[in-house]
2 protein chains.
Amino acid sequence: MTSKDDASLSRKEQILDAAAALFAEKGYYKTTTAEVARSVGVTQPYVFHFFTSKESLYLAVLERAHLRILDAFTTVNAPPEQLAERMGKAFVELLLSHRDEILLVMMSYTTPEPAVRARTRQEFDIIYERVKLRFEQAGLPDAADKASVFIGHGLLIAMSETLDLPHLCRWRDKPSTKF
Amino acid sequence: MTSKDDASLSRKEQILDAAAALFAEKGYYKTTTAEVARSVGVTQPYVFHFFTSKESLYLAVLERAHLRILDAFTTVNAPPEQLAERMGKAFVELLLSHRDEILLVMMSYTTPEPAVRARTRQEFDIIYERVKLRFEQAGLPDAADKASVFIGHGLLIAMSETLDLPHLCRWRDKPSTKF
DNA sequence: CAATAATGATTTATTGATAAATAAATGGAT
DNA sequence: ATCCATTTATTTATCAATAAATCATTATTG
């Protein structure tokens, strides 16, 4: 059930999965289309049968991850005083279930490829607005500020995971009071 | 006074400055040593007269920026209830005076080059510990948590600057209540 | 039912570009 | 004539991307 090269997945999905893992680990420039192909067990040119370019492959991975995050935040339902905490928990759960994709999203803002920047910009804007809206609708004061802090915390988690500096933030021990 | 290709600077310093600007704008992989050279007005191989590799050039830039940040946080002096705010202000001032370097540091955690990761890891650890220590010495409760939030906010600022999404955090308007 | 055509999946082979790094040469100032 | 700054010329490697060939499977016809 650990979703490893499942034969039930379409080639395209397998490629997306492998790409997510590699891009998250090594970043856009250091992962080659050949590696993605090898990781799936196909040849490099075959990747281009499904995606017109390396960039479009990356964007496809990003899109999937973005939708997952947005969905998680939208789905959460909780009373106002627990909302932020529950949304934080949803984020952490996503981090545990789809680590690669989440870290990829949180790191994408540093990828200077214009198309990637543009998409990341747009997606973070959407996520921020969604978080803010939820806080507003719950009647929380300073919703915009709370949304900012929320995302800042997400970035911190991503950094501490990426650099393996767990003591920078301890969401692992007490998953309650955070966020 | 805007420190542009000052002839009074040594070639090595000029190269460091140009590299900082380019690395911050285009990231490690997309900036070439040839561009750095051209930006200074020398030839590409000459860069290797000062730095043994592209990587060591990047690390040198990173080191300089790291020291600047650390120094800024160490220098700030304020009563406990204003400490975080003043340190935040110091960070923002640094962002205004040395934008390239600061953004570079805040983005470096996503550069998968092993040596860069290791250094970034080490430097963020040092910065975090310094911030935490200052909060502790000021007698502030939950110093570790406050240090985390502080750095999270720094990351958010870097992202909102990089993606040009100013409304994600408004440190530009009211520089007081933040941090 | 066998032979064959057509279709889709996938591979082999190749190209063209870019960039880091090295080595050797030049030129001017002591 | 030597030393430092700097350049020209070249090497080597890596990748994304394309084109053409092959293999397998299903559908079609005689």
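Labels below follow one simple rule: chain letters A, B, ... track the order of the sequence lines, proteins then strands, and each chain is numbered from 1.
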With a 4.5 Å limit on heavy-atom distance, are the side chains of B:Thr111 and B:Thr120 in contact? no
Can you tell me the distance, in whole Å, between the OH atom of A:Tyr46 and the C1' atom of D:dT22? 14 Å
Should A:Glu161 and A:Met106 count as side-chain neighbours, where that means a heavy-atom distance under 4.5 Å? no
Grab the NZ-P distance between B:Lys54 and D:dA13 for me, whole Å please. 19 Å
Report the distance from atom CZ of B:Phe48 to atom P of D:dT7, rounded to the nearest whole Å. 14 Å
Of all the choices, D:dA5, D:dT7, D:dA16, which nucleotide is nearest to the side chain of B:Thr43 once you look at every atom? D:dT7
With a 4.0 angstrom cut-off to heavy atoms of chain B, pull out the first and last contacting nucleotide of DNA chain C, in 5'-to-3' order. C:dA19 to C:dA23
So salt bridge (charged side-chain N to carboxylate O under 4.0 Å, His left out) across residues 31-41 of chain B, not counting sequence neighbours, yields B:Lys26-B:Glu35
Starting at atom CZ of B:Phe50, determine the distance to atom P of D:dT6, rounded to an integer number of angstrom. 6 Å
Kindly check if the number of other-residue, nucleotide or ligand heavy atoms within 6.0 Å of CZ (A:Arg68) is above 12? yes
Between B:Tyr109 and A:Thr110, do the side chains contain an N or O donor and an N or O acceptor separated by less than 3.5 Å? no
Closest-nucleotide mapping onto DNA chain D: is A:Lys30 or B:Arg11 further toward the 5' terminus? I mean the 5' end. B:Arg11
Could you check if a side-chain atom of A:Ser39 sits within less than 4.5 angstrom of a side-chain atom of A:Gln14, using non-hydrogen atoms only? no
